[in-house]
Participant: 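Please find one structure pasted underneath; my questions will follow.
A quick note: this is a predicted structure, and the numbers were derived from the prediction, not measured.
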Amino acid sequence: MTALPGETPGTVGTDTPQDTVSPPEAGAEGPEHAEAPDASDAPDAPDASGAPDPSDAPDAPDASEGGESSGVPADADDDARGDAEDAEAEAGADAAPAEAAPAAELSEAQAELAAQRELRERIEKRKAEKAAPIAAGTGLSGTAADLLAAVRAVESGEKAGTAFFDRPAAAPASRRPAPAAAQPPRASAPEPVPTARTATPEALDAVRAVLTEGGAPEALARPAVGALGEQAAELLRTDPWRLLAVPGVRPEQADGFARALLGADCGPDDGRRTAALIGWLLERAALQGHTALDAEAVRTALAERAVGDPDAAVRDAVEEGVALVFQEGDEPSADDAGAADPDGEADEAGDADVAREPVQVLLGLDRYALAEESLADGLARLVNACEKAADWAEAAAAAPGPSAAELIRTTAASGLVAHSGGEAARAEPAALIAAARGLGLRALGATHSEDGRRRLAAATGDPDTAVTLSGLLSGAQGPGRDEDGALALDLLVVLDAPQLDVEGAAVLVEALADGARLVLSGDPGVLGSAGAGRVFADVLASRACPQVVSRTPDPGPIGELVSGIGIGELNQVDAPGKEVVIVPVRDAGEAVHRTVQLVADSVPRAFSIPAEETQVITVGHGGAAGTRALNEALKQRLNPGPGRFGGFDPGDRVVHVPAPGRAVPGVVLSADAEGLRLDCGGVPVVVPQDRVESSVRHGWALSAHQAAGMRWPAAVVVLPGDAAQGLSRPWVYTAFSRGERHLSVVHGVDQALPHAVAQVPAQERTTRLRPLLEALPTPDAAS
């Protein structure tokens, strides 16, 4: 790996830490420390290390406030809130925009949000039907169903709360039967919904009065109404800790607010406080990708926040329905109960028994629990309802390669297939789609971005074969829905499957008809989804369906480099055409200078790749070499201007966050009374004025999570010296694989880079999908 012509290591200065933003003082509990959410500024700020925050990089741990010791995601609000939380804040703002927001036709992003809201509405409906039995395949089952039934018995007064946790050991729950032939009705196409819920002036005034009385900023009024509804003022007055539902508010700030309103009537063990804390911990965990948390870790986190009896707090929260409780692993049977003495040592009779997996008690929010249950049942329906197709043999024989042929044969025999491989392996799903359409089947490929859709269309040679997931679910792209409300498809291939979160995947699978085939295709080495869950990884780990591993390597020096990273090796590759270039730097200031020089001068001169086709990727949003600092320097060089449109000028490269977990690159065209006008990959987008600050930021430089699923002719990856602890193998793999023709690495982390590649794997997420899938019978098992 060499340097570009004219590029030499800098000689200025020595290594100095990047500028960072200090977190709030641990003892600062008063509401005077609460700040109104600012999705364009605060969510981007780094933690004290300059590494990416857990919200932007759900796989990265947050070591602040005891997060490592407790196992619970620590406060990413410590000036360390990123894109996933930015999207969460936007979702809250989406519920309450300015009253004068213009009515507009639903965009793809809004339709995607509508689909997610529809799923949540169904979940709320299920919660409301407590008196009715849970229909098979639509709710909880097994141990989880028993526990939920116990919770409802406590709520109805039939049993005491202690009976819930003190029940005797029982035999393991029986496995769930195969889905019945009569399936629950799937969701129809989302009905148009307003782009936002308007907050009435009366509600805003009432909330402002309560906030002022409690010493909290009035700027929190609108997000509070967005999070709590029109009755926000009454809810906050009776339960001040409900303020934690507002994005950006921390527990110590809610404590100060509660003391100001309740005085001596509140304390650290107040049931309202402990319930709000548990809900907040689980929501924070979801921003880091977890769908559930170990109950012991939750109790530890509560103890760190001055809760005197964490066990009682957890028990009360379950009884109140704040959280659901699950047990993973095998419970000991009655016969096994005496096999161990009180000291935990097995007696002679128990020595011969096979060791059982220890039981893990998890806590989770119902929205994610039901989404995982719905997704598991939906995937099982696809597996069990699909019949083998015998007429695909000729199509497989005509496939362009052995891996493509294997994928075609496997898909012909199964309703659910997992396909894994790198960028070059995308040709195999393209061949499958073409083969299926050649057989007269309704086949499509779906991607997460317009860039991915264009690349898939180019691979298949037919633009009608590729859609975006948001466009497919909204009906803006694809064949639409049949008379039963299911997507009119026989085969759907989802590319970049690691980007699927559990709620989005549940909506998608529910929309597929019985007998349809689903292929999940992606690179397991990249960063996971911005939302909660690890759908693709759980499907692979559960072995619930056939898996096809591509044998097609990514070509060229970049492909060779990335392939080595995938197995934990950072090798020096031969790059005669300077496809891979290392640019050493000593400090963050030099890193910014070299990055601007590469984008504006060196790469265009050496490779004829214009600046607008080169993407900068860095570890964090804040700090002296984060996305904000790099974007400021790149704008000054490439498109200087006063920022007269809310900080933006025509020609600015931006990233638009239209929905939680989605980052859409675009270019500013103009602005008018309706809002900021963008061109997002050829799709015109108008961002209302009141949404610009929360959902649009400059996009010359992105984080690796924002860049996942997209590719550019050239990529410049910036690794400033103090970003070492934010590096991991998936992060490096994702960032280094974004460039098609050229990769420049602005390298200031010394040996931290090979160490991260060799020894820092993906941060594990706690989910329940894998055991749910493992418990489902398959056609082979049933026979």
Participant: Under the salt bridge (Lys or Arg N to Asp or Glu O under 4.0 Å) criterion, do R637 and D601 qualify, and how do the steps go?
Facilitator: CA-CA 11 Å; R637 175 65 182 275; D601 297 325; 2.9 Å; yes

Participant: Is there a side-chain contact between L678 and V668, using heavy atoms and a 4.5 Å cut-off?
Facilitator: yes

Participant: Judged by atom type as modelled, is there a donor-acceptor pair below 3.5 Å linking the side chain of D672 to the main-chain atoms of E674?
Facilitator: yes

Participant: Ignoring hydrogens, what is the shortest heavy-atom contact between W731 and L527? Give both atom names and the distance.
Facilitator: N-CD2, 3.8 Å

Participant: A quick test of your reading: do over 12 heavy atoms of other residues, nucleotides or ligands sit less than 6.0 Å from CD of E632?
Facilitator: no

Participant: When you measure from the side chain of D496 to the backbone N and O of G522, does any donor-acceptor pair fall under 3.5 Å?
Facilitator: no

Participant: Distance only, no hydrogens: is a donor on one side chain within 3.5 Å (strictly under) of an acceptor on the other, for R662 and Q499?
Facilitator: no

Participant: In Å, rounded to the nearest 0.5 Å, how long is the span from NE2 of H656 to SG of C680?
Facilitator: 7.0 Å

Participant: Do D649 and K635 pass the salt bridge (Lys or Arg N to Asp or Glu O under 4.0 Å) test, and can you show the C-alpha distance, the side-chain angles, and the key distance before you say yes or no?
Facilitator: CA-CA 10 Å; D649 295 296; K635 174 176 171 56; 2.8 Å; yes

Participant: Find out whether V760 and L727 are in side-chain contact, i.e. whether some heavy atom of one side chain is under 4.5 Å from a heavy atom of the other.
Facilitator: no

Participant: Mark yes or no for whether S529, through its side chain, and G533, through its backbone, hold a donor-acceptor pair below 3.5 Å.
Facilitator: yes

Participant: Of the non-hydrogen atoms in A591 and V718, which two are nearest, and what is the gap between them?
Facilitator: CB-CG1, 4.2 Å

Participant: So, for P498 and F536, which heavy atoms are closest and what is the spacing to 0.1 Å?
Facilitator: CG-CD2, 3.7 Å

Participant: What is the distance from atom NE2 of H290 to atom CD of E283, rounded to the nearest 0.5 Å?
Facilitator: 13.5 Å

Participant: Are R738 and I617 close enough, and set up right, to give a side chain to side chain contact (heavy atoms under 4.5 Å, CB included), and what steps lead you there?
Facilitator: CA-CA 9 Å; R738 296 309 95 193; I617 301 170; 3.4 Å; yes

Participant: Between H621 (side chain) and S703 (backbone), is there a donor-acceptor pair under 3.5 Å?
Facilitator: no

Participant: What is the distance from atom OG1 of T468 to atom NE2 of H448, rounded to the nearest 0.5 Å?
Facilitator: 10.0 Å

Participant: Less than 4.5 Å apart, side chain to side chain, heavy atoms only: is that true for L743 and E579?
Facilitator: no

Participant: Are the side chain of R534 and the backbone of R765 linked by a donor-acceptor contact shorter than 3.5 Å?
Facilitator: no

Participant: Keeping S563 on the side-chain end and P553 on the backbone end, is there a donor-acceptor pair under 3.5 Å?
Facilitator: no

Participant: Could you check whether any side-chain heavy atom of P610 comes within less than 4.5 Å of a side-chain heavy atom of P604, counting everything from C-beta outward?
Facilitator: no

Participant: Please evaluate residues V717 and V746 with respect to the criterion side chain to side chain contact (heavy atoms under 4.5 Å, CB included), reporting the C-alpha separation (whole Å), side-chain torsions for both, the decisive distance (0.1 Å), and the verdict.
Facilitator: CA-CA 6 Å; V717 177; V746 179; over 6 Å; no

Participant: Could you give the distance from CG (L669) to CZ (F648), rounded to the nearest 0.5 Å?
Facilitator: 13.5 Å

Participant: Starting from the C-alpha separation in whole Å, work towards a yes-or-no answer on side chain to side chain contact (heavy atoms under 4.5 Å, CB included) for T618 and L630.
Facilitator: CA-CA 9 Å; T618 190; L630 286 166; 3.9 Å; yes

Participant: Compare all side-chain heavy atoms of H742 with those of V603 and state whether any distance is below 4.5 angstrom.
Facilitator: yes

Participant: For the backbone of P684 and the side chain of D679, can you confirm whether one donor and one acceptor N or O come within less than 3.5 Å of each other?
Facilitator: no

Participant: Assess whether salt bridge (Lys or Arg N to Asp or Glu O under 4.0 Å) is satisfied between E423 and R426, documenting all intermediate values.
Facilitator: CA-CA 6 Å; E423 182 65 24; R426 297 171 75 95; 3.7 Å; yes

Participant: State, without any angle test, whether T595 and H593 hold a side-chain donor-acceptor pair at a distance under 3.5 Å.
Facilitator: no

Participant: What distance do L469 atom CG and L472 atom CG have between them, rounded to the nearest 0.5 Å?
Facilitator: 6.5 Å

Participant: Which atom names give the shortest non-hydrogen contact between R711 and D451, and what distance separates them?
Facilitator: N-OD2, 3.0 Å

Participant: Between R697 (side chain) and R628 (backbone), is there a donor-acceptor pair under 3.5 Å?
Facilitator: no

Participant: Can you check whether L702 reaches V616 side chain to side chain, under 4.5 Å on heavy atoms?
Facilitator: no

Participant: I'd like to know if the side chain of D523 reaches the main chain of G525, judged simply by a donor and an acceptor atom lying under 3.5 Å from each other, with no hydrogens or angles considered.
Facilitator: yes

Participant: Identify the two heavy atoms, one from L753 and one from V732, that lie closest to each other, and give their separation to 0.1 Å.
Facilitator: CD1-CG2, 3.8 Å

Participant: Do you know which two heavy atoms are closest between E613 and W712, and how far apart they sit?
Facilitator: O-CB, 3.7 Å

Participant: Does any part of the side chain of W700, heavy atoms only, come nearer than 4.5 Å to the side chain of D652, both counted from C-beta?
Facilitator: yes

Participant: Within the 4.5 Å heavy-atom criterion, are L495 and L456 side-chain neighbours or not?
Facilitator: yes

Participant: Apply side chain to side chain contact (heavy atoms under 4.5 Å, CB included) to the pair V580 and I558, showing each step before the final yes or no.
Facilitator: CA-CA 7 Å; V580 179; I558 297 178; 3.8 Å; yes

Participant: State the CD-CG distance between E740 and D554, to the nearest 0.5 angstrom.
Facilitator: 11.5 Å

Participant: Please answer whether the main-chain N or O of A707 pairs with a side-chain N or O of Q615 as donor and acceptor at a distance below 3.5 Å.
Facilitator: no

